[in-house]
Amino acid sequence: MEKEKFYITTAIYYLNDKPHIGSVSEAIAADVMARYKRLRGFDVFFSTGTDEHAQKIEERAKKEGIDPQEFVDRASSVWKQIFNDFGISYDRFIRTSDKDHIEVVKHFFQKLYEKGDIYLGTYEGWYCVRDATFLKDSDLIDGKCPICGGPVKKIKEPNYFFKLSKYEKPLLEYYEAHKDFLQPDFRYNEVINVIKSGLQDVSVSRKSFKFGIPIPFDPDHTIYVWFDALLNYLTSVGFLQDKEKFNHFWPADLHLIGKDITRFHGIIWPAMLMSYGLPLPKTIFAHGFWNLEGEKMSKSKGNVVNPSLFVESFSGEAHIDKKTAVDVLRYYLSREVTFGQDGNFKMETFISRYNSDLANDFGNLLNRTVSMLYKYFDGYIPNGKTDPESKEFISKSEEEYFNKMDLFNLSQALESVWGIINYLNNYIQVKQPWKLKNQRSTLSDVIYTLLEGIRHASLLVSPFMPSVSEKILKSLTNEEKSFNFDLLESGNKVEKLPPIFPRLEKEKIKIDTKKEKPEEKPLIDYEDFAKLDLRVAKIIDAEKVPKSKKLIKLRISLEDEERTIVGGIALHYNPEELIGKKIIVIKNLKPRKLMGITSQGMLLAASNDEEFSLLSLDRDVKEGSKIS
């Protein structure tokens, strides 16, 4: 009988960023699901990799004086090594610079063009180089990208467009018929509301940079990085190259992505597949982000954690090997947050989870059971059988675990495993094996039940902690991946392991989270700064811009003239409280249009991920005064 297939993917990772706890957590979650499905007998294909074609990559390579391909070769190897270190059991690590992928992208683009779903037009608007994203005026916050907070460029160039608007109705119909297509449900509701509000055709090419895949019939244009990147899911399973493999694994069963790229995957990607005539993926699951000690992880603030350095530090402090330290981190990231929601990485809860769940519960169960086995049976598995009541409890808990895992509820699935572990710890207290020395048959059954329970718990945690699980199962001399009972063979000697999870003293442990130094701007000459004409301005009128949640139109006085400035400050200020304030503005900034209003300058503000404030003066200075 042919195995049921399961094709799972992560989003591919942008090489301009370094791996951190947040990005690795997605790969770990996908790996957990891949390992679980293999454990359940599925024919699994797991794909991950790197996204390499972008203007920012081309610019960074140029700055370093190397070829862009050399840059991505080096950067991709860093991601691959970290994934290998973290036990990510991918079947393919795809790169968008792979030859077979380039052929897939050219073919796909050509077919959509021949169908009439791609046409030549002109794009005029904002573009974020860092996120390779086209933006509307209403998307900007303080004139910057709403995703990364970085600068945007106003561009006008001939582009090829994909007729996304054509698929508005088919997408709505598909969503209505497939309620579990995009999960969690609140992400489903977000995307369906976007579709209902109306879809516009999207640009799918760039002409101003070359590091990417050229359009086959118009090589002056480079295929847009997102169009290119989404097609990796087809390339990985043999599209155009291996028909049998592709027909077996496509459509994908699960696309695992971050919440920030839900619209690309939930709208543009299915529309592209509809246009070509391919089946849509079964499920797209958008997970949340990790904060660090209550603060949003931010490259600019420097509070992104290098996972490899964290594991190395924890391994030394806890006196455990690095593979076990990796498993501890994998466990924490899976257990601490309901999958799909944002999480908060805190050292206090990390140490607490380690001591409570791993050292006290699981580790203590293992140590006590093996110690009793050596005390009463010289380390040899007794000739016993699993207690019927225990067997029933463990079986029921396993069914709960399977149900939770199938719904991607990783944290709740682990709760079911710890239900078994806590049951077995309590079983020791109830049965009191130390009082059964003269009842060898009963004692044999009690110790055998504990060993079988540990074997089952170790199997269940294997997707989360593969190294630890393998170590325990190997020590029990039975590594068979079966959930049947009484599989431990009497007479086999169990290896006595040193404590896998030595308890930590909270007040003594010091884990270096290795915060990275915030990214600094390059030094500029005084002549560059002198080009800015900074002035004190008085706000004489303010009103919200219709149809925009973020923009306020300000009328300002510079003493000898009045001007209009549009600023993205509506989330932080009411128009009424602004009137009469004196602020600082850039007077000689080229005018630009926002929501159809010409903005004649820029106001200055200070902000981080939590706070926002307009720059003002500590003394009353006349409007129009020059700042130097």
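What you see below is based on every heavy atom in this structure, not just the backbone, and it leaves out hydrogens, waters and symmetry mates. Given the structure is predicted, the values throughout are model-derived calculations rather than measurements.
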key: Sidechain N-carboxylate O distance under 4.0 Å for Arg330, Asp31   = yes
Donor-acceptor contact present, side-chain Asn232 to main-chain Ala229, <3.5 Å = yes
key: Lys NZ or Arg CZ of Lys5 over Phe249 ring: under 6.0 Å, within 45°   = no
query = Side chains of Lys259 and Phe289: closer than 4.5 Å at any heavy-atom pair?
reply = yes
request  = For salt bridge (Lys or Arg N to Asp or Glu O under 4.0 Å), just list the numbers for Arg95 and Asp73, CA-CA rounded to whole Å, side-chain angles, deciding distance to a tenth of an Å, and then say yes or no.
outcome  = CA-CA 9 Å; Arg95 300 176 55 190; Asp73 288 345; 2.6 Å; yes
inquiry  = Using only atom types and a distance under 3.5 Å, with no angle test, would you say the side chain of Arg38 pairs donor to acceptor with the backbone of Val44?
reply    = no
ask   = For Thr338, does its backbone N or O pair with a side-chain atom of Gln341 as donor and acceptor, under 3.5 Å?
value = no
query = Are the side chain of Asn426 and the backbone of Asn422 linked by a donor-acceptor contact shorter than 3.5 Å?
reply = no
Sequence neighbours excluded, every pair satisfying salt bridge (charged side-chain N to carboxylate O under 4.0 Å, His left out) that has a member inside residues 345-356 = Glu336-Arg353, Arg353-Asp357
ask   = Hey, are the side chains of Tyr401 and Ile420 touching, using non-hydrogen atoms and a 4.5 Å cut-off?
value = no
task = Give me the one residue out of Phe314, Tyr331, Phe362 that meets ring pair (Phe, Tyr, Trp, His ring centres under 6.0 Å) with Tyr354.
result = Phe314
request  = State whether the side chain of His20 and the backbone N or O of Gly22 hold a donor-acceptor pair below 3.5 Å, judged by distance alone.
outcome  = yes
ask   = With a 4.5 Å heavy-atom cut-off, do Asp51 and Tyr13 have their side chains touching?
value = no
CA sep, side-chain torsions, deciding dist, call: Leu234, Leu231, side-chain contact (heavy atoms from CB on, under 4.5 Å) = CA-CA 5 Å; Leu234 300 180; Leu231 293 168; 3.8 Å; yes
query = What orientation do Trp250 and Phe246 show, parallel under 30°, tilted 30 to 60°, or perpendicular over 60°?
reply = parallel
request  = May I have the step-by-step check of ring pair (Phe, Tyr, Trp, His ring centres under 6.0 Å) for Phe46 and Phe6, ending in yes or no?
outcome  = CA-CA 8 Å; Phe46 172 20; Phe6 186 78; 9.7 Å; no
task = Give a yes-or-no answer on whether the side chains of Tyr233 and His265 include a donor-acceptor pair shorter than 3.5 Å.
result = yes
request  = Taking the six-membered ring for Trp and the full ring for Phe, Tyr or His, determine whether the centres of Tyr7 and His248 are under 6.0 Å apart.
outcome  = no
Ring geometry between Tyr36 and Phe402 (parallel below 30°, tilted from 30 to 60°, perpendicular above 60°) = tilted
Those residues that, when tested against Asn355, pass side-chain contact (heavy atoms from CB on, under 4.5 Å) (two or more places apart) = Ile351, Ala359, Arg503, Leu504, Lys506
ask   = Does a side-chain heavy-atom distance below 4.5 Å link Glu399 with Ile394?
value = no
ask   = Is the NZ or CZ atom of Lys385 both under 6.0 Å from the centre of the six-membered ring of Tyr448 and within 45° of that ring's axis?
value = no
message = Is there a side-chain contact (heavy atoms from CB on, under 4.5 Å) between Phe501 and Asn364? Walk through the geometry before answering.
response = CA-CA 9 Å; Phe501 307 111; Asn364 193 39; over 6 Å; no
inquiry  = Is it the case that atom CG in Asn383 sees more than 12 heavy atoms from other parts of the structure closer than 6.0 Å?
reply    = no
request  = Walk me through it: do Ile8 and Tyr90 pass the test side-chain contact (heavy atoms from CB on, under 4.5 Å)?
outcome  = CA-CA 9 Å; Ile8 180 172; Tyr90 55 80; over 6 Å; no
ask   = Is there a side-chain contact between Trp434 and Ile428, using heavy atoms and a 4.5 Å cut-off?
value = yes
message = Does either side chain, that of Gln429 or that of Asn425, offer a donor lying less than 3.5 Å from an acceptor on the other one?
response = no
query = Between the side chain of Ser315 and the main-chain N/O of Glu312, is any donor-acceptor distance below 3.5 Å?
reply = no
query = Donor-acceptor pair, Ser397 side chain versus Phe393 backbone, under 3.5 Å?
reply = yes
ask   = By side-chain contact (heavy atoms from CB on, under 4.5 Å), which residues pair with Glu244, not counting sequence neighbours?
value = Asp242
message = Please tell me whether Glu52 and Ser97 have a donor and an acceptor in their side chains that are separated by less than 3.5 angstrom.
response = yes
query = Mind checking what makes salt bridge (Lys or Arg N to Asp or Glu O under 4.0 Å) contact with Asp98, not counting sequence neighbours?
reply = Arg92
request  = Please tell me if the side chains of Thr48 and Ile12 come closer than 4.5 Å, counting only heavy atoms from C-beta onward.
outcome  = no
ask   = Where the side chain of Thr369 meets the backbone of Leu365, is there a donor-acceptor pair that is under 3.5 Å apart?
value = yes
message = We want to know whether Thr324 and Asp321 form a side-chain donor-acceptor pair, criterion being a heavy-atom distance below 3.5 angstrom.
response = yes
task = Output all residues satisfying side-chain contact (heavy atoms from CB on, under 4.5 Å) with Arg440, sequence neighbours left out; order by chain, then residue number.
result = Tyr376, Phe377, Leu443
note = Gly266 and Pro270 have their tightest heavy-atom pair at O-CG, 3.4 Å
Sub-6.0 Å ring centroid separation between Phe285 and Phe339 = yes
request  = For Ser458 and Ile472, work out which heavy atoms get closest and say how close.
outcome  = OG-CG2, 3.2 Å
task = Could you tell me whether Lys375 atom NZ has more than 12 heavy atoms of other residues or ligands within 6.0 Å of it?
result = no
task = Check for a donor-acceptor pair, side chain of Ser444 on one end and backbone N or O of Gly384 on the other, with a separation under 3.5 Å.
result = no
query = Out of curiosity, Thr477 OG1 to Leu451 CG, how far, rounded to the nearest 0.5 Å?
reply = 9.5 Å
message = Can a side-chain donor-acceptor contact be found between Asp100 and Thr235 if the only test is distance below 3.5 angstrom?
response = no
message = Just verifying a value: how many Å separate Glu452 CD and Asp445 CG, rounded to the nearest 0.5 Å?
response = 12.0 Å
Donor-acceptor contact below 3.5 Å, side chain Asp327 vs main chain Val468 = yes
task = For His255 and Thr9, test the side chains for any donor-to-acceptor distance below 3.5 angstrom and give the result as yes or no.
result = yes
Steps toward side-chain contact (heavy atoms from CB on, under 4.5 Å) verdict (Thr50, Phe93) = CA-CA 8 Å; Thr50 49; Phe93 188 94; 3.7 Å; yes
remark   = In short, Phe71 meets Leu15 closest at the heavy-atom pair CE2-O, 4.4 Å
note = Across all chains, not counting sequence neighbours, the side-chain contact (heavy atoms from CB on, under 4.5 Å) partners of Ser77 are none
key: Flag for Gln81-Asp85: side-chain donor and acceptor within less than 3.5 Å   = yes
ask   = Can you check whether Lys323 reaches Met465 side chain to side chain, under 4.5 Å on heavy atoms?
value = no
query = How about Ile57 and His53: do any of their side-chain heavy atoms sit closer than 4.5 Å?
reply = no
inquiry  = Can a side-chain donor-acceptor contact be found between Tyr423 and Ser390 if the only test is distance below 3.5 angstrom?
reply    = yes
